[in-house]
Amino acid sequence: MNGPGTRLRTALAAADDDRLLLDLTGIEESHDALLRELPGVHVRFAMKACPAGEVLTRLAARGAGVDAASPREIAQALAAGVPPARIHYGNTVKSDRDIAHAHRLGITDFATDNAEDVAALAAHAPGARVFCRLATDGDGALWGLAGKNGCSAEDAVRVLETARAAGLTPAGLSVHVGSQQMTAGAWRTALDRLAAVLAALRRRGIALDHLNLGGGLPALGYRDRHGRDLDPPLDKIFAVLREGMRQLADESPHPLDFRIEPGRHLVADHGAIRAHVSRLATRRAPDGTPRHWLYLSCGKFNGLYEMDAVQYRLVFPTRPGSPAVPAVVAGPTCDSDDAFSPGHLVPVPADAASGDPVWILSSGAYALSYMTREFNGFAPLPYSCVGDDGATASERHPADES
Ligand SMILES: *Cc1c(COP(=O)(O)O)cnc(C)c1O
């Protein structure tokens, strides 16, 4: 990753106010590249990573579906033109009302991981197809996501037997190895676990029709909290996935489909935020040490929610070649969490002035969704979609969706 592509760079240069820019063609290209790496896989975009209608419409036109987590997400995906058969309710946490609502919207596939949820599905979405999520430990991921979702191998067998007895169709198994998973080994372990549960179910006369490999595929352009390039081993990850899919398909006496739910991987590197410098200031800590702080117009509560776990690469387009000073980079609010890892200093132009544009790269994932309504009065960041010529379509606001 050497910086934004030409389309994004053109749009960043043309933007004269703060916004998130989404390169739809770049997102399509990463979708197509994923299909080339994992032939035959069914993509179900985890829409929470970038819930922009334009993104959903473009991906749906290329055959992708959606992993949705609530009736509102389902309704938004339907409105964007995603066929209901390609939308699944991927959240294991849902109320009776949520289930009934999704059922009315035509959704047939539901994630689960417990018997109470299965009973509710039988009552409120009769005839549904269910897939059971297996727990993973999240090791090797920046965000492990362990604990809240997924059950043990033994429980998965019981849950799907319960589903069958309740008149539902036990249809699949899923995993999520943790977001921004940096090791191929995590998928190896997950694939082994899927194989074992699949075999145990087969012995009980349950033949599933699909396995869902979940999310976790990494973005390429992040730095870690210490400012080092993350450099995920993507080729190795794809090799492990291809090999695991081949083995599982070979062992299965029935045709077996594979689904994958990329979120971050499809969108992170194809989005960039145009923000501006609020102030470059120098303050002394209580121990007397002077420290530079670069306050930006965008931070944890209006687009950079993940800024404490990853660092985004910054470009100061109007200060090329300026001498640099090390600074803590922080957002505009008065919340002390609204900062890049405060222990790590980032080189910034010594002459950065209030109002200077700043480009925040690889910020296309979890920007639109993780935005507060108006924390401290800082409005949610609008977004624009970038056309093939680098020009942007009209500004949209996150609240316009749905
Ligand atoms: C969030 C989520 C994803 C996407 O995760 P990424 O790490 O962004 O790829 C996929 N599946 C489920 C069930 C999720 O909750």
Side-chain angles (χ1 to χ4, degrees), residues 22 27 30-31 33-34 37-38 41-52 55-56 59 64-70 72-74 77 86-94 98 102 107 109-114 117 130-151 156 171-184 186-187 190 194 210-222 230 232 234 237-238 241 258-271 305-306 309-310 362-370:
L22 296 170
I27 293 170
S30 55
H31 166 270
L34 178 59
E37 292 288 351
L38 305 176
V41 82
H42 299 272
V43 174
R44 297 284 181 265
F45 174 55
M47 64 180 283
K48 72 174 184 290
C50 189
V55 170
L56 304 180
L59 289 175
V66 155
D67 166 64
S70 66
R72 272 175 66 95
E73 278 198 347
I74 292 165
R86 282 196 248 137
I87 302 171
H88 61 235
Y89 201 141
N91 195 347
T92 57
V93 182
K94 43 202 174 307
D98 296 335
I107 302 307
D109 285 33
F110 293 79
T112 193
D113 63 3
N114 66 83
D117 183 62
V130 297
F131 58 98
C132 187
R133 177 151 163 190
L134 299 178
T136 54
D137 59 21
D139 288 356
L142 255 72
W143 296 269
L145 312 180
K148 183 164 179 183
N149 304 102
C151 61
L173 291 169
S174 72
V175 289
H176 194 308
V177 293
S179 200
Q180 187 74 15
Q181 174 56 254
M182 296 295 294
T183 70
W187 269 282
L194 287 169
H210 75 277
L211 296 176
N212 179 335
L213 303 167
L217 287 176
L220 300 180
Y222 295 151
L230 272 175
L234 197 57
I237 290 169
F238 284 135
L241 286 170
F258 291 91
R259 296 180 182 173
I260 195 159
E261 300 172 333
R264 186 185 298 288
H265 179 70
L266 294 190
V267 294
D269 296 319
H270 303 292
Y305 181 77
E306 301 184 323
V310 290
S362 293
S363 54
Y366 300 105
L368 286 182
S369 45
Y370 273 138

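When a ligand or atom number is given, it counts from 1 through the structure's own listing order.
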With nothing but distance in play, are any N or O atoms of G214 less than 3.5 Å from an N or O of ligand 1? no
Could you tell me the residue and atom name of the protein heavy atom closest to atom 7 (O) of ligand 1, and the distance to it rounded to 0.1 Å? S179 OG, 2.5 Å
Part of Y366 within contact of ligand 1 (heavy atoms, under 4.0 Å): side chain
So, for L217 and P262, which heavy atoms are closest and what is the spacing to 0.1 Å? CD1-CB, 4.5 Å
Charged tip of K94 within 45° of F110 ring normal and under 6.0 Å: no
Taking only heavy atoms of A46 into account, list the atoms of ligand 1 that are under 4.0 Å away from them. 3 (C), 4 (C), 10 (C)
To the nearest 0.5 angstrom, please state how far the CG atom of L38 sits from the CG atom of L241. 5.5 Å
With a 4.0 Å heavy-atom cut-off (strictly under), which part of H176 contacts ligand 1: side chain, backbone, both or neither? side chain
Determine the minimum heavy-atom distance between G263 and F45, stating which atoms define it. O-CE1, 3.8 Å
As a quick check of understanding, evaluate side chain to side chain contact (heavy atoms under 4.5 Å, CB included) for R86 and V66, giving each step before the final call. CA-CA 6 Å; R86 282 196 248 137; V66 155; over 6 Å; no
Using 4.0 Å as the upper bound for N to carboxylate O, is an ion pair formed by D109 and R259? yes
Of all the non-hydrogen atoms in the protein, which one sits nearest to atom 13 (C) of ligand 1, and at what distance? E261 OE1, 3.5 Å
Compute the shortest N/O to N/O distance between G216 and ligand 1 and return yes if it is under 3.5 Å, no if not. yes
Is it the case that atom CZ in F238 sees more than 12 heavy atoms from other parts of the structure closer than 6.0 Å? yes
Atoms of ligand 1 less than 4.0 Å from D67 heavy atoms? 11 (N), 12 (C), 13 (C), 14 (C)
Closest protein heavy atom (residue, atom, distance) for atom 2 (C) of ligand 1: K48 NZ, 2.3 Å
Please list, in number order, the atoms of ligand 1 under 4.0 Å from a heavy atom of R133. 13 (C)
Kindly compute the distance separating CG (N149) from CZ (R133), expressed to the nearest 0.5 Å. 4.0 Å
Could you tell me, atom by atom, which parts of ligand 1 come under 4.0 Å of a heavy atom of R264? 6 (P), 8 (O), 9 (O)
